[in-house]
K.L.:
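Structure provided below as structure tokens; questions to follow.
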Number of protein chains: 2
Amino acid sequence: MDVAKAERIRIYDVARVAGVSVATASKALNDTGRMTDATRTRVKQTALALGFRPNAMARALTQQRSFTIGLLTNDSYGRFTLPVMAGINEALVDQGVSVFLCGIEDDAALGKIHVDAMLDKQVDGIIATGKRIDRRLPVDLSELPLPVVYAFTEGPADAVTLVSDDAQGAREATEWLLGLGRQRLVHVTGPDSFASVSARAGAFREAAGAAAAVLHGPWSEAWGHAAVAQLWQQETPPDAIFCGNDQIARGVVDALRERGVDVPADVSVIGFDNWEIVAAATRPPLTSVDMNLKELGRVAGRLILDLAEGKPVEPGIRTLPCKLVVRQSCGGDMLARPNRQEELQGI
Amino acid sequence: MDVAKAERIRIYDVARVAGVSVATASKALNDTGRMTDATRTRVKQTALALGFRPNAMARALTQQRSFTIGLLTNDSYGRFTLPVMAGINEALVDQGVSVFLCGIEDDAALGKIHVDAMLDKQVDGIIATGKRIDRRLPVDLSELPLPVVYAFTEGPADAVTLVSDDAQGAREATEWLLGLGRQRLVHVTGPDSFASVSARAGAFREAAGAAAAVLHGPWSEAWGHAAVAQLWQQETPPDAIFCGNDQIARGVVDALRERGVDVPADVSVIGFDNWEIVAAATRPPLTSVDMNLKELGRVAGRLILDLAEGKPVEPGIRTLPCKLVVRQSCGGDMLARPNRQEELQGI
DNA sequence: ATGAAAGCGCTAACAC
DNA sequence: GTGTTAGCGCTTTCAT
């Protein structure tokens, strides 16, 4: 088998065996040009029989298209990027497009190296992803001679950008709590320097009333504990807590349990991110807002493909809806409210 | 700038401006052939001045080397694969090698598609990674006409395979507990169908004594709780618990706290995986065994590079050492045992 | 020391 | 309908 190493079948071989010229073979295989159906079929069958697979490099060299795109990410932890990647891959794999993974750890120099390498390798486009929608990657992609799509990271104003709809997600969560009959809602979330925090807090206030409190702190379980300690010092503690992420929510739920407050009987809790590992391990499992990151990746893949093919794509920011994933930290009887459930999941 | 799209500088341009032939230019830039130092420098400088970047596809076509490798993974969750990827990238990026990310969700068909795509794109080698060292990917890579390295997944006997040293990691953890003066050690771990579970349990028993109990269960926090419930029914509960992963360890620590048992005063707990998000959020933060997955990725990267360059690489399974990361769930005074600390960290 | 020319494997004009 | 020919951008003998 070692001898077979260099013996890859070329289109030349197919042509010879099929008794045609390489040109005809090429056309036959690519369904271009004109010829007898018989010839076309014959060529295709010999190609199949010989196990011919075209050399993508050679093809790229002439076609000016490599069927390869680059995925630039600075989310080394992968919590946000991973689902996005999965979606991108899903959208591109059956189009024969491969993805170069380029992890730049917020490092401009590393970013430049990767971008240069991609350019050298003639990628058809670049998808940039990050962990915050209000931060840019440390590399400038705006002057590149190829299409760029920004997913879950900030891009130039005239770029194609994809983000999830923080406001809508927060609104759904808040309305869900209100629909449950909760009256005293509080939003415990991350630092207000995050754009997504403001967006969610804004939507929360709009739905819950301007008087509803919003508490900012770090994105940690510890902050969830601290927030509960603070809230339960008041005369009338809340009966529903909407958290900025699942870690805070887990801290909140744990703190409540330790305090003897029953979740969901006494207090409903909702998280954000739907990070399975946290949401499912919480006792009780967290109802949480899912940002649909995989779908976001899929859309990004489709868009970069369209751009690479020269199809027109409207620039601007596209927001994709979030989805509330109901587990047990809220209470309420799902089966008794089928309409509402459909309403929320039918997005 | 849109016009510049097609105006990539070719070696032809460099040659013309430098006043030499393309052949000379090529040699000058690649530090091959023989010529005046003056000529070489001049060519290099014009190339730099013109911003020349060689077309990797064209180069690959002639050189039979694409400077591209494929990363096949079935760990969609990314907990194990992600650090491995980071290591691979780190090892390859400065060698100018790019990585194709191929996520196959334990799906043989998807796997084949990706492998074929990689072959078409002339990758110089493939690194296969998974989430278990005793499971194979659903694709056969053994007959491929290019080098393959298996990292954190099972490969054929004669392949180059990388795994972390479960036994050594478990031994270090156990010895650490013993060194702390703990007497009644218990190992609470995952299903014994996992090879790594057996390896760790074996090492644990060897170090802690054959009488030391090993409890198997699911890889979940809930199992940690259950195990504690079970253990504390006995007349003499353990004073040290070594857990098979951090989630179990977190469950154990939480259960102990709820029971009023002080960690680390009364009981020392050690986890496995050093999954930051779990280990750091536990109260108190978990001491845990780190599998050094990033280093494993680095080594995999170097090996696939060596193989691609035709350098000889001894086949077989290579085990990489784990490292105990000390936090606060064990007690003991770090500063008082500098030797031991060095001993463990100097790996 | 330098350059002309032949290819790497494929596609695409343009003849026939 | 099918084949001839000329590249894509680069590397690499082999002359000179």
Side-chain angles (χ1 to χ4, degrees), chain A residues 5-44 46-47 50-68 96 117 119-124 145, chain B residues 5-44 46-47 50-68 96 117 119-124 145:
Chain A
K5 202 157 200 158
E7 295 182 11
R8 224 184 134 128
I9 310 284
R10 295 150 305 162
I11 197 171
Y12 173 85
D13 301 313
V14 177
R16 189 169 35 75
V17 173
V20 295
S21 72
V22 278
T24 309
S26 173
K27 286 178 216 150
L29 295 171
N30 292 306
D31 284 319
T32 58
R34 260 182 352 190
M35 69 190 64
T36 330
D37 274 356
T39 316
R40 201 180 289 280
T41 326
R42 180 158 40 92
V43 173
K44 283 190 173 176
T46 40
L50 263 42
F52 169 70
R53 311 225 84 220
N55 182 322
M57 303 248 135
R59 179 182 281 197
L61 201 53
T62 50
Q63 285 197 156
Q64 203 62 332
R65 196 119 182 247
S66 65
F67 288 90
T68 286
L119 256 24
D120 293 350
K121 282 171 179 142
Q122 314 290 118
V123 296
D124 298 333
Chain B
K5 201 157 201 158
E7 297 182 11
R8 222 182 133 127
I9 308 284
R10 295 150 307 162
I11 197 171
Y12 174 84
D13 301 313
V14 177
R16 189 169 35 74
V17 173
V20 295
S21 71
V22 277
T24 308
S26 173
K27 287 178 216 153
L29 295 171
N30 292 305
D31 284 318
T32 59
R34 262 182 351 188
M35 69 191 66
T36 329
D37 275 358
T39 315
R40 201 180 289 281
T41 324
R42 181 159 39 94
V43 173
K44 284 190 172 175
T46 37
L50 262 44
F52 169 70
R53 310 226 85 219
N55 181 322
M57 301 252 140
R59 179 183 282 198
L61 201 54
T62 51
Q63 286 196 156
Q64 204 61 335
R65 196 87 207 261
S66 66
F67 288 89
T68 285
L119 256 25
D120 292 351
K121 281 170 181 146
Q122 314 290 117
V123 295
D124 298 333

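Note on naming: letters A, B, ... go to the chains in the order of the sequence lines (proteins, then strands), and numbering restarts at 1 for each one. All values below come from the heavy atoms of this structure, side chains included, with hydrogens, waters and symmetry mates left out.
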K.L.:
Are the charged groups of K44(A) and D31(A) less than 4.0 angstrom apart, N to O?
P.N.:
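Yes.
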
K.L.:
Tell me: CZ of R65(A) to P of dC10(C), nearest whole Å?
P.N.:
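Atom CZ in R65(A) sits about 18 Å away from atom P in dC10(C).
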
K.L.:
Would you mind reporting whether F52(A) and L29(A) have side-chain heavy atoms less than 4.5 Å apart?
P.N.:
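The answer is yes; the side chains approach within 4.5 Å.
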
K.L.:
I would like to know whether T68(A) and Q122(A) meet side chain to side chain contact (heavy atoms under 4.5 Å, CB included); could you show each step before the answer?
P.N.:
CA-CA 8 Å; T68(A) 286; Q122(A) 314 290 118; over 6 Å; no

K.L.:
Look at the side chain of K121(A) and the backbone N and O of S66(A), then say whether any donor-acceptor pair between them is shorter than 3.5 Å.
P.N.:
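No; zero donor-acceptor contacts below 3.5 Å.
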
K.L.:
Using a cut-off of less than 4.0 Å, is there contact between a side-chain N or O of T39(B) and OP1 or OP2 of dA1(C)?
P.N.:
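No, T39(B) has no side-chain N/O under 4.0 Å of OP1/OP2 on dA1(C).
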
K.L.:
Give a yes or no on whether D37(B) atom CG has more than 12 heavy-atom contacts from other residues, nucleotides or ligands under 6.0 Å away.
P.N.:
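It does not: D37(B) CG has 12 such atoms or fewer within range.
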
K.L.:
Could you tell me whether R8(B) and D13(B) make a salt bridge, using a distance below 4.0 angstrom between a side-chain N and a carboxylate O?
P.N.:
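Salt bridge flag = no for D13(B) with R8(B).
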
K.L.:
Nearest whole angstrom, please: distance from the P of dC8(C) to the CZ of R8(A).
P.N.:
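My rounded result for the distance is 15 Å.
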
K.L.:
Taking atom C1' of dA12(C) as reference, at what distance in whole Å does atom CE of M35(A) sit?
P.N.:
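About 13 Å, once rounded to whole Å.
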
K.L.:
Classify every nucleotide of nucleotides 4-16 of chain D by which part a protein heavy atom approaches to under 4.0 Å, writing B for the base, S for the sugar-phosphate alone and - for neither, in 5'-to-3' order.
P.N.:
B--BBBBBB----

